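The next block holds one structure in the form of structure tokens; read it before the comments.
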Amino acid sequence: MINTLLEENHMQENSILRAKYAAKNLDVYYADKQALFGINLDIMENQVTSLIGPSGCGKSTLLRCLNRMNDVIDICSVKGSIRLDGQDIYDDGIDVVELRARVGMVFQKPNPFPKSIYDNVAYGPKIHGMIDQKSDADEIVETSLKKAGLWQEVKDRLAAPGTGLSGGQQQRLCIARAIAVNPEVILMDEPCSALDPIATAIIEQLIDELKQKFTIVIVTHSMQQAARVSQKTAFFHLGSLVEFGDTDQIFTNPQNQQTQDYITGRYG
Amino acid sequence: MPYTTTISIFVSLCLLVTAYFWGVKRAIATKRSQTALSTQVKFHSLPGFHGAYVAIWCAIPSLVLFVAWQTLRPNFLPQWLAQDMAGLVLLISAGILGLFFAQKRIASRFKARHKVETAFSLVMLLSSLVAVFTTFGVVVSLVFETMRFFSKVSVSEFLFGLHWSPQIALRADQVASSGSFGAVSIFAGTLLITAIAMLIAVPIGLFSAIYMSEYATPKFRTWAKPLLEILAGIPTVVYGFFAALTIAPFMRNWGFELGLEISSESAMAAGLVMGVMIIPFVSSLSDDVINAVPQTLRDGSAALGATKSETIRLVLLPAALPGIVSSVLLATSRAIGETMIVVMAAGLAANLTANPFQAVTTVTVQILTLLVGDQEFDSPKTLAAFALGFVLFLLTLGLNILALKIVNKYREKYD
């Protein structure tokens, strides 16, 4: 206990950056099949960390462990620890609902609720009791949509259904929806894979702005995207963390041959 | 000759089978002889299609001729042609002519496959038209009989009259010789029982649908869902005597203990049992629409920190609402049209009451009692059944159309 505190103090003193998440010896199984092998990974606060690797390498599994979305899968079991601000999120005392309010998530395919744009954004704050009167909701909706860069486009039609927006707008609406709960971390699971290049560029710029306030973890298949938006990159292969480091270093001077092969496109 | 119809059906069937195999044989023979001459020749259709083609050509002319002969026979045909034997001969000769015509066309390039395709699409079109025309015929006959009824009893008396006693005296000096046809009490009874049934069926059906689709383990679901659907397969007669012999006496005794006056035939007993019967209609359809809501919405809601019940209440149910509403409406029209349960458990007396513990009667029960037994079909008594039936038809038709409209208008387009 004292050790952890000392360690944290130590880290805060030594650098402005602090580890938000710390995964230690993380093993994940789907029934008998092991999906992740002994992952050790620190995710720094107010940085963008990208998880890359070929399909089936376990990067999405790791992402879904970070807010315990894997809980809904009955056959999934987790060993080892993931600490969020020093507290193990797989502890018995942890309230998953509270955890997910602190850790927002944006999915591969935009999934706005079949409600109005306004209600989509107000949904999270409402269920977490952040709204006492109508003006609170109005304010949260406006600031969230502004942060997600969608306000100018939708401010005159907040009552229109969220499903009527274009794909890129829908994805930004989903980001606004996640921001509205005021999370500390935002997890993104290939957020641009269903979008065209222009919408992708807008989202990438948005991610860059969002890291001022949030810690961001992004799974992506696009190496260019990882290079553009992230400060740290983790390369996974067959359920193992092969290499983890500064994005610049990973893309210019990878230490591992597998990483080198993958980022230069020589892989698979 | 009394057996002519049977004989002609038998002969036509034999002819059809013969035609098919003849066609197949001819096609194979043609194919052999032509491919023997040159390898360039490609036979377009499989022998089976040629066989079917010949059989169709055998069936259609004889069928058309037979129908024409049957319709013309009573009035337009001369004596010698109107006889049964003449019909049989016509039938067979038309079939044989068609057969010979068709088998002549069998050749390597002949596209029997496409012709058979067309023929079958026509058969399917005719089949669907049968259903459409039946509905149309039922409506027309209902409308005409209803008009006859309203020429004897005024529309306003039927729709707004409070007194129902559809007895027509045989002699003018009998008691109640005029009969009275005020149907309000009957409609009220139908509404009362339907309302009770829906009060039972909607909450239980909906909750079971939600449990089945969101909470139940796959294992529980695989045996519980078919079991629930068996409820819909129990004959309504069985529900009827369950209501009349088990529920109604139980309720009467129970009411007696509490000091309530519950008659042994009551709207409550009928409504309760009908509600149970309708549960699977609500739950099965609602289950389907809740299941159709994409998983990504559940994930999205869970990732925002919503609990399961919040997700269901705030995301799934609103998304599935149109489907749920239409399932309720369909169940309602089913309840309105239900007969056996109410005949046995609700009673025959046309009481105008809102008390669910008294005997009431419904539209369906009255139609039944008006038409059971030997009746003459020109008295207002029997014609009243058609008027009631017409109202019932309009009511359920309206509900079904409303249900379809709601589904189409608010259907969520998930991609």
Side-chain angles (χ1 to χ4, degrees), chain A residues 63-64 66-75 95-116 119-130 161-164 167 170-171 173-183 185-189 194, chain B residues 209-224 285-327 405-415:
Chain A
L63 194 76
R64 288 173 156 261
L66 297 179
N67 65 345
R68 291 185 58 174
M69 280 298 278
N70 280 338
D71 286 14
V72 292
I73 304 167
D74 292 330
I75 54 169
D95 182 354
V96 181
V97 167
E98 272 171 30
L99 170 72
R100 289 181 189 155
R102 290 173 65 193
V103 184
M105 190 168 202
V106 176
F107 294 82
Q108 188 168 357
K109 227 177 84 181
N111 58 348
F113 301 129
K115 298 172 182 287
S116 69
D119 287 339
N120 260 286
V121 182
Y123 178 80
K126 238 175 232 165
I127 58 178
H128 292 297
M130 294 160 65
T163 43
Q170 286 189 16
Q171 196 62 302
L173 178 62
C174 292
I175 293 175
R177 187 175 72 182
I179 293 173
V181 191
N182 218 355
V185 183
I186 300 176
L187 309 175
M188 298 185 172
D189 192 357
Chain B
I210 292 171
Y211 184 79
M212 287 290 179
S213 64
E214 297 304 314
Y215 290 96
T217 59
K219 214 170 159 189
F220 178 76
R221 204 181 137 87
T222 46
W223 65 262
L285 262 171
S286 303
D287 185 16
D288 288 345
V289 292
I290 293 173
N291 260 327
V293 178
Q295 181 63 30
T296 54
L297 291 186
R298 294 183 182 85
D299 287 350
S301 177
L304 284 167
T307 62
K308 202 156 195 170
S309 71
E310 283 167 341
T311 303
I312 291 165
R313 198 159 42 85
L314 299 172
V315 177
L316 297 187
L317 286 186
L321 193 64
I324 292 171
V325 168
S326 75
S327 82
K405 280 229 150 153
I406 290 176
V407 171
N408 283 336
K409 183 162 183 200
Y410 296 101
R411 176 182 293 153
E412 260 308 318
K413 304 265 189 310
Y414 311 115
D415 36 29

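Here is the naming used below: chain letters follow the sequence lines, and residue numbers restart at 1 for every chain. Given the structure is predicted, the values throughout are model-derived calculations rather than measurements.
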Subject >> CG on B:Asp299 to CE on A:Met69, rounded to 0.5 Å >> reply: 4.0 Å
Original post:
Between A:Tyr123 and B:Leu314, what is the shortest heavy-atom contact and its length?
Top reply: CE1-CB, 3.5 Å
Subject >> Beyond-backbone contact of A:Pro114 with B:Val293, side-chain heavy atoms, under 4.5 angstrom >> reply: no
Original post:
Quick one: side chain to side chain donor-acceptor pair (under 3.5 Å) pairs with a partner in residues 302-325 of chain B, sequence neighbours left out?
Top reply: B:Ser301-B:Thr311, B:Thr307-B:Glu310
Original post:
Are there residues of residues 210-223 of chain B that reach to under 4.5 Å of chain A by heavy atoms, and which ones?
Top reply: none
Original post:
Could you state the interatomic distance from CG (A:Asn111) to CZ (B:Arg298), rounded to the nearest 0.5 Å?
Top reply: 12.0 Å
Original post:
Heavy-atom distance under 4.5 Å to chain B: side chain of A:Val96, backbone, both or neither?
Top reply: neither
Original post:
What closest approach, in Å, do B:Leu304 and A:Ile127 show between heavy atoms, and which atom pair accounts for it?
Top reply: O-CD1, 4.3 Å
**OP:** Identify which part of A:Arg68 has an atom lying under 4.5 Å from any heavy atom of chain B, answering side chain, backbone, both or neither.
**Re:** neither
Original post:
Which heavy atom in A:Asn67 sits nearest to a heavy atom in B:Ala303, and how many Å separate them?
Top reply: ND2-CB, 4.3 Å
Original post:
OG1/B:Thr296 to CD/A:Gln108 distance, rounded to the nearest 0.5 angstrom?
Top reply: 11.0 Å
Original post:
Tell me, side chain or backbone of A:Lys115 under 4.5 Å from chain B's heavy atoms, or both, or neither?
Top reply: side chain
Subject >> Contacting moiety of A:Pro161, where chain B heavy atoms sit under 4.5 Å >> reply: neither
Original post:
Where on A:Phe107 is there a heavy atom nearer than 4.5 Å to chain B: the side chain, the backbone, both, or neither?
Top reply: side chain
